[in-house]
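First up is the structure itself, then whatever we jot down about it.
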Amino acid sequence: MVMLGAHMSISGGLHNAAEAAGKSDMDCLQIFTANPRAYPEVKNDPQSGRLLTKRNGRWQLNSIADSDAVAFSAAVARAQLRQTMSHASYLINLASPDDALWKKSIDAMTIELERAGQLQIPWVVVHPGSYTTSTAAAGIIRIAKAVDRINELRSARAANILLENTAGQGTNLGWSFQQIADIISHTSDSKRLGVCLDTCHAFAAGYAIDRTSGWRRMLGDIETTFGFEKLKALHLNDSKRECGSRVDRHEHIGLGQIGCDGFRRIVKSRKMGHLPMYLETPKAAINGEDGDARNLRVLRELAA
Ligand SMILES: [Zn+2]
Ligand SMILES: [Zn+2]
């Protein structure tokens, strides 16, 4: 049985995302737990050593109201969602050579893990980061150090981090699986880290998973770098742009350059078919059918 869902909007309340996922017959759900284009206001609590965030004008340990967290968990249970995941803010750059931005990113990522923990979401997926004015090697060390610092700041209930492979635009790290493996191996507690594989990003980074040879090469590279035991989730997106373009443009399943053959291999894969799979495809309707509904239907047909 494939586990399929999508990234859903939390507008009007976190619980709305879970309700909408249930109505669309999803098995799993990805959300932003807050506005992804803003940094949270944070300060250190000298007493607990933990980070506080501002909510309702007051510094608090919980950045989500308990009533909202309870409503979300209840909606997840009602919708019978088997897995949830949150996506971290796009502003976070754990590879930044700029100390102020790096610290801001560490604090923001810690709050991401705390918010997810409060919502009983086990994983927060994050793009590893961009080395900007430094080097790839320096960026990798910087990310590993950031992860170690986050693990010092976090509470016991906080979620864990999934590193997402990227398309490799500009100085983005994580387009190569070896870079992801290097980040993991440089952290002091690698057990807390996992990987989320985005199909569009892997294709844009050079894995021709539209054909058997490219698919096999990708499986082989996962095996010899971070390993399948680290792989915890998939982002299923087709790609508007060609293989190796290093450009990240998501397309409806089967209508991009990866195509239906590529996605059939993924949903039927013995190595990945059991993992939660989240769509981040356009929401726009195709021939009158809702975008998510159409893409879920295509994937279920391919898996059958
Ligand atoms: Zn993704
Ligand atoms: Zn993308």
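Just follow the structure's listing: the first ligand is 1, and inside any ligand the first atom is 1. Numbers for residues simply follow the sequence, beginning at 1.
Residues Ser245 and Phe203 fail the side-chain proximity criterion, which asks for heavy atoms closer than 4.5 Å.
Outside the 6.0 Å centre-distance limit, the rings of His250 and His7 are not counted as a close aromatic pair. The aromatic ring centres of Phe72 and His15 sit 6.0 Å or more apart.
Counting only protein atoms, the N, O or S atoms lying less than 2.8 Å from the Zn ion (ligand 1) are Glu164 OE2, Asp198 OD2, His235 ND1, Glu280 OE1, ordered by chain and residue number.
Residues Leu173 and Ile92 share a single hydrophobic cluster, defined by chaining ILVMFWY side chains whose heavy atoms lie under 4.5 Å apart. Under a hydrophobic clustering in which Ile, Leu, Val, Met, Phe, Trp and Tyr are joined whenever their side-chain heavy atoms come within less than 4.5 Å, directly or via other members, Met218 and Leu162 fall into different clusters.
A side-chain N or O of His235 and one of Gln30 form a donor-acceptor pair less than 3.5 Å apart.
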